[in-house]
Structure formats: C-alpha cells, structure tokens
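In what follows, a structure is listed as structure tokens, so that the remarks can point back to it.
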Amino acid sequence: MYKYFLMMLLAELIASSSQIFLKMSSKKSYLSTIREYLNCLVIGGYSLLMVSMVITVVFGYNKEKLGYMGTVVMEPISYVFVLILSRIVFKEKISKRKIVGMSLIICGIAVFFLNKPM
C-alpha cells in the first residue's frame, strides 16, 4: 500500500511541475499565436500532465491499491507542491494564510489515511 501512496505523491509532483512549466510559458511573449501554444514549455507541460494521469490511473484507481477515494484524497497535495515549486522557481511569497491552508490539506490527508487500514 505504501508504494502506491508514494507513486501517487510522484504523480502529483509531476502534475505540479507541469503547472509550473505552463506558467513559465505564459510569462513569455511570443511573436505569433501558434508559437504561444506550440513551444517546448507548453508541450513539455502537457506531456508531464499526461504522464501524471497515466501513473494515477495505473497505480491509484484500483480497489486493491489506493482505491478511488484514496486517489481523490491525494489530489490536493498538488497544491502544496505548487506552492513550494512557485517559491523556488518564481520567488513567490508564502503568506501565513497559505501555510494554514496547506497545513489543513496535509492534516485532512493524514486523517483519511490514518483511519484507513493499510
């Protein structure tokens, strides 16, 4: 069960990285609309999102593994990853409200998995 939990963490980290790539692309200016949507950052971002989806489907949505609810509960951890990656890549500030929100997300995930037999 723990390896599926770790695979879901990896899938969410990959999905969060794809969001960072897409934001990096949106901050640049392009000469044409086609270049705006067909560049390495956008294609890489959507490719990472596809990889994340495949990992989630293969390792998450299965009753013997995490199950549907376990996978759905793991999805919000991507908010925590995006917050950390945004701080590293874009130097965004982390406010007290964001820390409280991320703490609530982590506590909610912990409560769900502590009550679930592994």
Side-chain angles (χ1 to χ4, degrees):
M1 178 67 98
Y2 291 110
K3 71 178 179 179
Y4 302 115
F5 182 81
L6 291 175
M7 288 305 290
M8 279 304 299
L9 282 177
L10 176 66
E12 293 307 318
L13 181 62
I14 292 171
S16 301
S17 300
S18 76
Q19 291 179 28
I20 297 299
F21 281 179
L22 293 173
K23 184 171 181 177
M24 288 169 63
S25 175
S26 72
K27 289 186 171 258
K28 292 184 177 184
S29 58
Y30 298 96
L31 299 174
S32 69
T33 307
I34 292 175
R35 288 183 187 244
E36 188 174 336
Y37 294 103
L38 293 177
N39 62 59
C40 292
L41 290 172
V42 171
I43 293 169
Y46 283 116
S47 298
L48 284 176
L49 197 58
M50 181 96 62
V51 169
S52 169
M53 182 193 67
V54 168
I55 293 172
T56 300
V57 168
V58 170
F59 291 99
Y61 292 113
N62 190 332
K63 285 192 176 201
E64 291 83 35
K65 298 171 184 171
L66 284 180
Y68 175 75
M69 282 307 295
T71 304
V72 170
V73 168
M74 284 298 294
E75 292 289 328
I77 199 74
S78 66
Y79 294 119
V80 177
F81 289 145
V82 168
L83 178 75
I84 293 167
L85 291 172
S86 294
R87 174 68 182 150
I88 293 168
V89 175
F90 301 116
K91 308 294 186 233
E92 292 182 1
K93 293 185 179 183
I94 299 176
S95 66
K96 290 179 185 177
R97 293 179 80 178
K98 289 179 183 177
I99 291 173
V100 169
M102 297 307 119
S103 300
L104 290 172
I105 288 173
I106 293 170
C107 288
I109 293 170
V111 165
F112 178 82
F113 281 106
L114 287 174
N115 289 325
K116 184 176 181 176
M118 292 277 186

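No donor-acceptor pair under 3.5 Å is formed between the side chain of Ser25 and the backbone N or O of Phe21. One N or O on the side chain of Ser16 and one on the backbone of Ser78 form a donor-acceptor pair closer than 3.5 Å.
Taking the six-membered ring for Trp and thresholds of 30 and 60 degrees, Phe113 and Phe5 have ring planes more than 60 degrees apart, a perpendicular arrangement.
Follow the hydrophobic side-chain contacts under 4.5 Å out from Tyr68 and you reach Ile55 in the same cluster. A continuous path of ILVMFWY side-chain contacts below 4.5 Å connects Ile77 to Val73, so both sit in one hydrophobic cluster. Residues Met69 and Leu6 are members of one and the same hydrophobic cluster, defined by side-chain heavy-atom contacts under 4.5 angstrom among Ile, Leu, Val, Met, Phe, Trp and Tyr. A single hydrophobic cluster is not seen to contain both Leu9 and Leu49; linkage of ILVMFWY side chains at heavy-atom distances under 4.5 Å, directly or through other members, places them apart. No path of Ile, Leu, Val, Met, Phe, Trp and Tyr side chains, each step under 4.5 Å between heavy atoms, connects Met50 with Leu22, placing them in separate hydrophobic clusters.
Going from atom CG of Leu10 over to atom NZ of Lys3 covers 14.0 Å, rounded to the nearest 0.5 Å. Distance check, rounded to the nearest 0.5 Å: CZ of Phe112 to CE of Met74 gives 10.5 Å. With rounding to the nearest 0.5 Å, the separation of CD1 in Ile94 from CG in Leu83 is 4.5 Å. Separation of atoms CD1 (Ile84) and CZ (Phe81) is listed at 7.0 Å; rounding is to 0.5 Å. We find the CD1-CG distance between Ile109 and Leu104 to be 11.5 Å, quoted to the nearest 0.5 Å. For the atom pair Ile14 CD1 and Gln19 CD, the distance stands at 13.0 Å (nearest 0.5 Å).
With a 4.5 Å cut-off on side-chain heavy atoms, Met102 and Tyr79 count as touching. Within the 4.5 Å cutoff, no side-chain heavy atoms of Thr71 are placed close to those of Phe59.
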### Message
Set out, in order, the CA-CA distance, both residues' side-chain angles and the distance that settles side chain to side chain contact (heavy atoms under 4.5 Å, CB included) for Ser52 and Thr56, then state yes or no.
### Response
CA-CA 6 Å; Ser52 169; Thr56 300; 4.2 Å; yes
#### Entry: Derivation and outcome, side chain to side chain contact (heavy atoms under 4.5 Å, CB included), residues Ser47 and Val51
CA-CA 6 Å; Ser47 298; Val51 169; 5.7 Å; no
### Query
Going through the checks in order, is the side chain to side chain contact (heavy atoms under 4.5 Å, CB included) test met by Lys28 and Glu36?
CA-CA 9 Å; Lys28 292 184 177 184; Glu36 188 174 336; over 6 Å; no
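A side chain to side chain contact (heavy atoms under 4.5 Å, CB included) with Ser18 is found for one member of Leu48, Val42, Leu41, Leu13 and no other, namely Leu48.
Atom OH of Tyr30 has more than 12 neighbouring heavy atoms from other residues, nucleotides or ligands inside a 6.0 Å radius. For Tyr46, the OH atom is loosely surrounded, since the number of other residues' heavy atoms within 6.0 Å does not exceed 12.
Shown here for Lys93 and Lys98, the closest heavy-atom pair between the two residues is O-NZ, 3.2 Å.
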